[in-house]
Enquirer: 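Please read through the structure below; I'll follow up with questions.
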Amino acid sequence: MFMEMLYIGMALFLLLTLVAGLWRILRGPTAADRMLAAQLFGTTAVACLLLLAQALEQPPLRDVALVFALLAVVAAVAFVRRAWVADRETEE
Amino acid sequence: MSVSDIITTILLIAGAAFFLVGTVGLLRFPDVYTRLHALTKADNVGLGLMVAGLALQAESWAVVGKLLLIWCLVLLAGASVAHLVTVVARQRGIKLWKR
Amino acid sequence: MITTTFSTISFRVVLFAMLWWVITEAAIDSWYIGVPVVAFAAWVSLVLLPGFSLSLPGILRFIPFFLWHSLRGGVDVAWRALHPQLPISPGMVDYRWRLPPGLARVFMANTVSLLPGTLSAELDESCLHIHVLDKTGDFSSELAIIEERVADLFALDLSII
């Protein structure tokens, strides 16, 4: 029972650090700072999912974490390229 | 509580502490480059410790393998994101912070 | 030195079979699909990615080195983030490659980003440009050690190049 509580507690704690990190994303000041969201969400979401997989005894959540980890790379490339291109267009 | 439960607890708490420090660095560091340092290193170590803690509780070796695979993918993603953001920030001429 | 060439089909088949085993969590009946998928993946990877060499002892030496230094990297950044005075003085450092162009350089750039106080910014023909958290540190010797480890992993000899 203690271990389940620990996993859930840790997952909630990580969510709180994620929310605190969001403040930086909102505040910027540069677009590059906002791109850090991709990084922050990627790692924290994976950790949360792995904790929940263990706590709720739902092994498929590990596969969700795996897909998240894979998508983190793709999302980052798309994010950086798109933000960069969009920004250039508005400047010109 | 078994020995492995105690080790898992310690590893999970240490991992969470690194996630917290990553966020503190993200909020406190002065420019995008230094914030990337905080996020990449602290979060990757945090996830690594959590993966190690959860691996001790895993029901099979295949699950241990899957946890390690996930960590490796996140490491690859972290290094790639850090590199991409740095390149874009430098192309845009974002200056390095000086004391 | 025991080296494994990634160009050999058998090495790739073993690698993809291990991946399949992990992803399916060792489900026996999944191999009906797994065998053709592994064979196809090995064939596609041979077409898409040309062969390179990996050294097995090099891999075994690299893993503890990497784990220890990434932990150091985490502790280092934690200390700086939590310190009231924020002890950082960022700067750029250029490191001249000894590694040949290709996968080994990309691998080194990624490794550098995860180790203490360094972040790979740009890679060009002659140099790796690195952002450092504290430019007062001695990075050249540390980077040289990382480069030697990466060369060891890819079964390359830096003194020849």
Side-chain angles (χ1 to χ4, degrees), chain A residues 2-3 6-7 9-11 13-14 16-25 27-40 42-51 53-54 57 59 62-63 65-77 79-81 83-84 87-88 91, chain B residues 1-2 5 8-9 12-13 15-17 19-24 26-29 31-33 35-36 38-40 42-44 46-47 49-51 53-55 57-59 63 66-67 69-92 94:
Chain A
F2 171 78
M3 292 311 278
L6 179 75
Y7 300 139
M10 286 288 148
F13 178 79
L14 290 187
L16 282 177
T17 66
L18 186 70
V19 171
L22 275 179
W23 189 73
R24 167 59 67 205
I25 310 304
R27 197 159 164 256
T30 66
D33 288 292
R34 296 198 183 93
M35 286 174 203
L36 298 178
Q39 182 90 326
L40 183 72
T43 336
T44 316
V46 166
C48 279
L49 284 166
L50 291 179
L51 285 166
Q54 193 74 31
E57 285 169 40
R62 283 196 201 102
D63 297 314
L66 186 76
V67 173
F68 250 80
L70 273 172
L71 278 180
V73 190
V74 183
V77 175
F79 199 20
V80 170
R81 280 194 64 89
W84 174 227
D87 211 58
R88 283 305 281 272
E91 275 167 19
Chain B
M1 234 175 134
S2 65
D5 282 358
T8 299
T9 308
L12 289 185
I13 292 172
F19 272 99
L20 179 65
V21 163
T23 304
V24 171
L26 186 64
L27 297 177
R28 281 194 76 200
F29 279 171
D31 68 0
V32 65
Y33 308 106
R35 284 174 202 145
L36 267 175
L39 211 51
T40 357
D43 277 15
N44 287 337
L47 186 64
L49 291 171
M50 289 208 155
V51 159
L54 290 172
Q57 306 289 326
E59 56 269 27
V63 171
K66 192 180 269 184
L67 290 171
L69 176 67
I70 291 170
W71 188 52
C72 288
L73 283 172
V74 171
L75 281 183
L76 183 65
S80 315
V81 173
H83 175 67
L84 278 171
V85 173
T86 313
V87 168
V88 171
R90 281 179 59 83
Q91 279 175 344
R92 287 181 180 181
I94 295 175

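Sequence lines set the chain letters: A, B, ... in the order given, protein chains first and strands last, and positions in each chain run from 1.
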Enquirer: Which heavy-atom pair separates A/A69 from B/L73 by the least distance, and what is that distance?
Expert: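 Shortest heavy-atom separation between A/A69 and B/L73 comes out as CB-CB, 3.8 Å.
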
Enquirer: Testing the basics here: between B/D43 and A/T43, what is the closest heavy-atom pair and its distance to 0.1 Å?
Expert: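 So the minimum-distance heavy-atom pair works out to O-CG2, 3.6 Å.
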
Enquirer: How far does CD of B/E59 sit from CD of A/E57, to the nearest 0.5 angstrom?
Expert: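 Rounded to the nearest 0.5 Å, the CD-CD separation comes to 8.5 Å.
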
Enquirer: Tell me, for B/T86 versus chain A, whether the close heavy atoms (under 4.5 Å) come from the side chain, the backbone, both or neither.
Expert: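 Contact with chain A: none, neither part.
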
Enquirer: Grab the two heavy atoms, one from A/F13 and one from B/A16, that are nearest each other, plus how far apart they are.
Expert: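 Closest heavy-atom pair between A/F13 and B/A16: CE2-O, 3.5 Å.
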
Enquirer: Check whether A/F68 gets within reach of chain B through its side chain, its backbone, both or neither, counting any heavy atom under 4.5 Å.
Expert: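 When you check distances to chain B, no heavy atom of A/F68 falls under 4.5 Å.
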
Enquirer: Which bit of B/I13 comes within less than 4.5 Å of chain A, counting heavy atoms only: side chain, backbone, both or neither?
Expert: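 Both backbone and side chain.
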
Enquirer: Is A/L50 in contact with chain B via its backbone, its side chain, both, or neither, using a 4.5 Å heavy-atom distance?
Expert: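 Contact with chain B involves both backbone and side-chain atoms of A/L50.
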
Enquirer: For B/V24, which atoms come within 4.5 Å of any heavy atom of chain A: side chain, backbone, both, or neither?
Expert: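 For B/V24, neither part sits under 4.5 Å from chain A.
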
Enquirer: For chain A, find which of B/L27, B/V87, B/L47 contributes the most heavy-atom pairs closer than 4.5 angstrom.
Expert: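 Counting heavy-atom pairs under 4.5 Å, the top option is B/L27.
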
Enquirer: If you look at every heavy atom in A/R62 and B/I70, which pair is closest and at what distance?
Expert: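 Heavy-atom minimum between the residues: O-CD1, 3.5 Å.
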
Enquirer: Could you tell me which portion of A/L51 (side chain, backbone, both or neither) has an atom closer than 4.5 angstrom to a non-hydrogen atom of chain B?
Expert: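 Contact with chain B is through both the backbone and side chain of A/L51.
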
Enquirer: Rounded to the nearest 0.5 Å, how far apart are CZ of A/R24 and CG of B/L39?
Expert: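 The CZ atom of A/R24 sits 11.0 Å away from the CG atom of B/L39.
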
Enquirer: Report the distance from atom CG of A/L16 to atom CG of B/L20, rounding to the nearest 0.5 Å.
Expert: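 Separation between the atoms: 10.0 Å.
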
Enquirer: Which bit of B/F29 comes within less than 4.5 Å of chain A, counting heavy atoms only: side chain, backbone, both or neither?
Expert: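 Contact with chain A is through the backbone of B/F29 alone.
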
Enquirer: Kindly determine whether B/D5 and A/F2 satisfy side chain to side chain contact (heavy atoms under 4.5 Å, CB included), including the steps that lead there.
Expert: CA-CA 10 Å; B/D5 282 358; A/F2 171 78; over 6 Å; no

Enquirer: Checking heavy atoms, do the side chain of A/L14, its backbone, both or neither come under 4.5 Å from chain B?
Expert: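 For A/L14, the contact with chain B is made by the side chain alone.
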
Enquirer: So how far is it from B/T23 OG1 to A/L18 CG, rounded to the nearest 0.5 Å?
Expert: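 Atom-to-atom, B/T23:OG1 and A/L18:CG are 7.5 Å apart.
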
Enquirer: Hey, what do you get for CD (B/Q57) to CE (A/M3), rounding to the nearest 0.5 Å?
Expert: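 Atom-to-atom, B/Q57:CD and A/M3:CE are 4.5 Å apart.
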
Enquirer: What closest approach, in Å, do B/T8 and A/Y7 show between heavy atoms, and which atom pair accounts for it?
Expert: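 Looking at all heavy atoms of both residues, the closest pair is CG2-OH, 4.2 Å.
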
